[in-house]
Structures are given as C-alpha cells and as structure tokens.
Amino acid sequence: MLERHLQALFGFTSFRQGQKEIIEALINGADVLAMLPTGRGKSLCYQLPAFLANGVTIVVSPLLALMEDQVQQLKSIGLKQTAALNSFTEKAERRRLLRNLARVKLLYTSPEMLQSRELLAALAKVKVAYIVVDEAHCVSYWGHDFRADYLRICDIKQALGSPPCLAITATATKEVRADIKKQLDLRTPFEHIESVNRSNIVLLAEEAADQAQKQQRLVEMVATYQAPGIIYVQSRAQAEACSAYLAQEVKHVRTSFYHGGMENADRLLVQQQFMNGQLDVICATNAFGMGLNKTDVRYVIHLHYPLDIASYIQEIGRAGRDGALSFALLLTAREDRVQAKNLLKKNDFTADEWVWALSQLKVGEPLDFPSFENRLLAMQSDQARTVGYLLEKWGVIKGGLVQSFSMAKLTSLLHRHFKEQIAAKQNRLLPVFHYGRDDQTCRRQQLLSYFDEVPAPHNPCCDVCGLTLDSFKRTPVNVNEAPFLWEEELKAVFAVAEGK
DNA sequence: CGAATGTATCCTAGGATACATTCGGTGCACTAGT
C-alpha cells in the first residue's frame, strides 16, 4: 500500500531499512524519534507522509542552504507543493506563500522564522499535519548554546495543537536523545535507533609532542594518503593558515579552506569545487560538512579536540559514504587540551553587565526581544536571546509583559544556569580527551560506548587493534604527465568562450 | 590559557618596548546607512 505511493511519488520500488516503520508510526499519529545513518534516506521519512496527509507539514531545518537544496530537489521530481520560508524569501513571495499556505504540503523553515507572528497567524488558519525537526541533535546542541529558538519549537508545537512530531538525526548520544524528547515534549515516542558504527572507517589517534611535530605529521599524511580529505581545525585563522601551509609543503595537492566568516558565495564555491573533485583537501572549522553530499572522502583528520564524542562521530562520518575503506585520525598535541577547555568559557555569565541590563526591565511594560537585545549592545545578542528565553521560562515575562521579580534571585539563577552550561560542556569534552590518550582500549569500543553500543569484532578496526595505514597510500602521481600550465588553460577557456 | 592586537610611554619623532585588552566555533534574522 505505502509502496504504491512510494513508487508513484518518488519512483522507488521499495523502502530502505527503518523508513517504513517510521512512516507508519507517524501516519498512525505517534511522535517519532529516529536516528538513521546519513545517506540512508532520512528525508523520505517525512516527505512521503507529508504528501499523503491532509494539511501542511512543517520542517524545521538548521541551515538555509539545506532548505533551498531540499525544495529544489523535490520540485525537480515534480513535487511542487513545496516551499521554504526564511530570510531569503522575498517580501512579496512571503506574502503570497502565507496567503496560499493551504495549498502547500511541505514547508521548510528555520526555528527563528517559526517564531514570527506572521507565520503563526497563517498556520493557525490551516491544518498542520506534522511537525518535523530535521537534524534534531541541533535542539540539544545549539538550543542551549546560541540558538535559543530551538527550545521554543515546543511552544509552537503546542500552539498548533500538538500534531505528530518527528525528530530525526544521524547522531545523538543517549543523553542527547533524552534531551530532544524533553525539549520537544515527545510523549512515549516510537523510537527507531540505528547503530552509528561505520565499519569502513578505521580509527586512529596520535598525540604529538608539540605543534611543530603535529604540522610535520600532517604534511606527511596529506602527501602520503589518498585524497580527498577533510581537515578540521579549531579557528578560522587556522583553517586559512593550514590550507596555505599544505599548498606550499605538499606537491600536487589542491587545497582550500572553509569557515563561517566567509562570504556565502565563497563558501558555496569551495564546497562545489570539493564536490566536483577540483580540490583534494579542505581545511575547515566545524562550519563545514552539514548536508555535504560527497561520497568518496577518504579521510578526516582533526588537528584539535572536537567538543564532544557525538560531534566527532558526526564529523568523521563524512568519510567513506561510498562504503570504501577510509580513515579518521585525531591528531593533537598536549596544549590543545588547554585551548579546548578555555574556549568553552567564552560564553561565561558576566553578572555585572546583566544586572545593569535587567534593571532596565520595567514591571508591567512589554519586553520585545529586538529592543531588549539592542539595549545590550555590550553583550553578545546570542546570550541575550538565551536570557530572553529563560525569563519567559521562569515566568519573569508573561504574555510579553515584565512581571515583578527579585533582581538578586534572578541574577543568581542566571549565574547558576550559565555555570551549569559550561560544566556540562566540560563534561562532554572529557571523554574526547580520554579518546585521544587511551591507547589501551579499542577506539571503536570507546566511541560506541557513548551510544550504548558494543561493536562486533572489526577488521581492520583501529590503531589500538594493530592497524597500519599502508593500504591508504595515494595512487602515485605520474611525473611524466605534462604539468598544468594555467596560462595555457586560461587561453583555451577564453578561446572557447569567444567561439574560436 | 596564550596569541594577537591595541595603547601608552619614552620624548623635539617615530620606532621600540612594556603593559593592557581582546579573542578564540557553530547561524538565524533584521536594520540602517550606502
């Protein structure tokens, strides 16, 4: 029955593992928490029910680029009742979309946009079939940190009459899964959890004596092993420096960098070049990779400690999507641990500034967030948004109006909240340090234990289990091949362009 | 924490030095001024 719709809408003849159970649970009105490996058809799990349902399905997506991708892809296969609503959407288009919302089956939007009164008003007039939170681990990761609107999804869900909700992700530890359920108020959800183990990715960790040795080791690796590869570093500056350094030190390697401080167009270009095989190595911050659809990445090397085990799994999981043997190396030095720990303190609560800011709140007056944030120019507005969220949660703001409150109590609550956030982050960081240093326990076993999994014996597995990387050597560069003469190439390109 | 940048000081001039401050990752949306 469902198979017939699958064939008619998407042209597939059968479901892949997990899809049918998830779809059936959703259609039967249950909340669903699903963890499926990347590239295994996560989006189909909500797209099919959306097109079968009466009403509109809201998909909350973390990145504008992901939304645009999905919408384009669906439209290209003829499923045109699909739209994205975000800051890219032109004003006129936005109005048109909201007026005709009843005709849309699948609406992609951001957690921030989901808070807009305009959208809510429009949604109140139509039937909402399902609410889907894509990349649901972001609720737990980003929600508590710098995108508080992720924690407000739940209120919207309730305001819309709590339609069945699907939270779907590729990577979430048991703690993160519990948090997702709590934050989205999933009651006795149907859970489909698959292993995060990727048996074709072998695992290695090395601690270098210092930065110089680390750098030298990196050059060796990039020169020796088969590209393409991704190199993750701590900061934007390091991403750029690392790319320049490799380009200089390793012959025949085409590198570039990627981080959140770049122009959108540049980010897109670099990602495209990497996708098309025009680049061998990308040096990047953790901004790189979500939604990346490249199958033949042969290695992922970290030059810093990732923030927690789940992020590490997520990032190394970008290797070997084609199933071919790939490797993941955590290459660090002792001082990187200090750096990682201190980065966490960045969002520490600065009580003095907040006392001043909170003293600006007038009982009985409305608090609207943009102006609240504007008054806090001295502070990061991300923290202001989090504080705004907490003020509502703790009842200091009710119905948009400031209630009477005790300044002393409030500041101590806030102080404790941010302290706890930092402590929680530090606790998630410790296992990563341990992973980098414990050379006695199988690495796969270490990683999987955070997901309550015990790995079956693997071969090849990891450096602890006696692995060497010989089979990953690069196919030799043919030295007789004519060198790449870019001036000639450029001339040829122009000749073609001019129709000669 | 530690690297990088900013500021004060020396004193007939701008470059060296010491000390202080800031910054380090992830993204949405919106506004005001070009």
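Heavy-atom basis, side chains included; hydrogens, waters and symmetry copies ignored. All chains are named by letter (A, B, ...) in the order of the sequence lines, taking the proteins before the strands, and each is independently numbered beginning at 1.
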Original post:
What's the CG-P distance between A:Asn342 and B:dG2, to the nearest Å?
Top reply: 8 Å

Subject >> N/O (side chain, A:Thr285) to phosphate O (OP1/OP2, B:dT26) under 4.0 Å >> reply: yes

Original post:
In the strands shown, is B:dT12 matched to any nucleotide by a Watson-Crick or G-U wobble pair with both distances under 3.5 Å, and which?
Top reply: none

**OP:** Whole angstrom is fine here: how far is it from NZ in A:Lys425 over to C1' in B:dG24?
**Re:** 12 Å

Original post:
Using purine N1 to pyrimidine N3 plus N6-O4 or O6-N4 for Watson-Crick, or N1-O2 and O6-N3 for G-U wobble, each under 3.5 Å, what pairs with B:dT31?
Top reply: none

Subject >> C1' atoms of B:dT5 and B:dC28, separation to the nearest Å >> reply: 30 Å

Original post:
Does CD in A:Gln158 sit with more than 12 non-hydrogen atoms of other residues, nucleotides or ligands closer than 6.0 Å?
Top reply: yes

Subject >> Nearest-neighbour nucleotide for the A:Leu63 side chain, B:dG25, B:dA29, B:dC28 considered >> reply: B:dC28

Original post:
With sugar-phosphate meaning primed atoms plus P, OP1 and OP2, does A:Gln234 contact a base, only sugar-phosphate, or nothing at under 4.0 Å between heavy atoms?
Top reply: sugar-phosphate

Subject >> Spacing of the P atoms in B:dA18 and B:dC11 (rounded, Å) >> reply: 15 Å

Original post:
Tell me: CD of A:Gln238 to C1' of B:dG24, nearest whole Å?
Top reply: 9 Å

Original post:
In terms of side-chain heavy atoms, does A:Gln278 have a donor or acceptor partner in A:Gln272 at a distance below 3.5 Å?
Top reply: no

Subject >> For B:dA18, the Watson-Crick or wobble counterpart (both distances under 3.5 Å) >> reply: B:dT7

Original post:
Using atom C1' of each nucleotide, how far apart are B:dT9 and B:dA32 to the nearest Å?
Top reply: 40 Å

Original post:
Does A:Arg236 make a side-chain N or O approach to OP1 or OP2 of B:dT26 shorter than 4.0 Å?
Top reply: yes

**OP:** Please measure how far the P atom in B:dG25 lies from the corresponding atom in B:dA3, and state the result in whole Å.
**Re:** 16 Å

Original post:
For A:His304 and B:dT26, what is the distance between atoms NE2 and P respectively, to the nearest whole Å?
Top reply: 10 Å

**OP:** Take the protein atom NZ of A:Lys91 and the nucleotide atom C1' of B:dC30, then report the distance between them rounded to whole Å.
**Re:** 9 Å

Original post:
OP1 or OP2 of B:dC28 sitting under 4.0 Å from any side-chain N/O of A:Ser110?
Top reply: no

Original post:
Which nucleotide sits closest to the side chain of A:Leu64: B:dC28, B:dG25, B:dG27?
Top reply: B:dC28

Original post:
Under a 4.5 Å cut-off applied to non-hydrogen side-chain atoms, are A:Tyr305 and A:Tyr312 in contact?
Top reply: no

Original post:
Which nucleotide in the list B:dG25, B:dC30, B:dG27 gets nearest to the side chain of A:Arg94?
Top reply: B:dC30

**OP:** Have a look at A:Pro62 and say if it touches a base, only the backbone sugar-phosphate, or nothing, with a 4.0 Å heavy-atom cut-off.
**Re:** sugar-phosphate

Subject >> Assigned partner base of B:dG2, Watson-Crick or wobble definition, under 3.5 Å >> reply: B:dC23

Subject >> For atom CE of A:Met113 and atom C1' of B:dC30, their distance in whole Å >> reply: 10 Å

Original post:
Judged by atom type as modelled, is there a donor-acceptor pair below 3.5 Å linking the side chain of A:Gln70 to the main-chain atoms of A:Leu66?
Top reply: no

**OP:** Rounded to the nearest angstrom, tell me the gap between atom CG in A:Asn86 and atom P in B:dC30.
**Re:** 10 Å

Subject >> Nucleotide nearest A:Phe146 when distance is taken to its side chain, options B:dC28, B:dG25, B:dT26 >> reply: B:dT26

Original post:
Which class fits the ring pair A:His259 and A:Phe257: parallel under 30°, tilted 30 to 60°, perpendicular over 60°?
Top reply: parallel

**OP:** Answer yes or no: is there a side-chain heavy-atom contact under 4.5 Å between A:Lys341 and A:Phe433?
**Re:** yes

Original post:
Rounded to whole angstroms, how far apart are NE2 on A:His137 and C1' on B:dT26?
Top reply: 10 Å

**OP:** Indicate yes or no for a side-chain donor-acceptor contact from A:Lys157 to the backbone of A:Ile131 under 3.5 Å, with no hydrogens or angles considered.
**Re:** no

**OP:** Would you please confirm or rule out a distance under 4.0 Å between OP1 or OP2 of B:dG27 and any side-chain N or O of A:Arg267?
**Re:** yes

Subject >> Residue A:His259, side-chain atoms from C-beta onward, closest of B:dG25, B:dG27, B:dT26 >> reply: B:dT26

Original post:
What integer number of Å spans the C1' atoms of B:dG14 and B:dA8?
Top reply: 14 Å

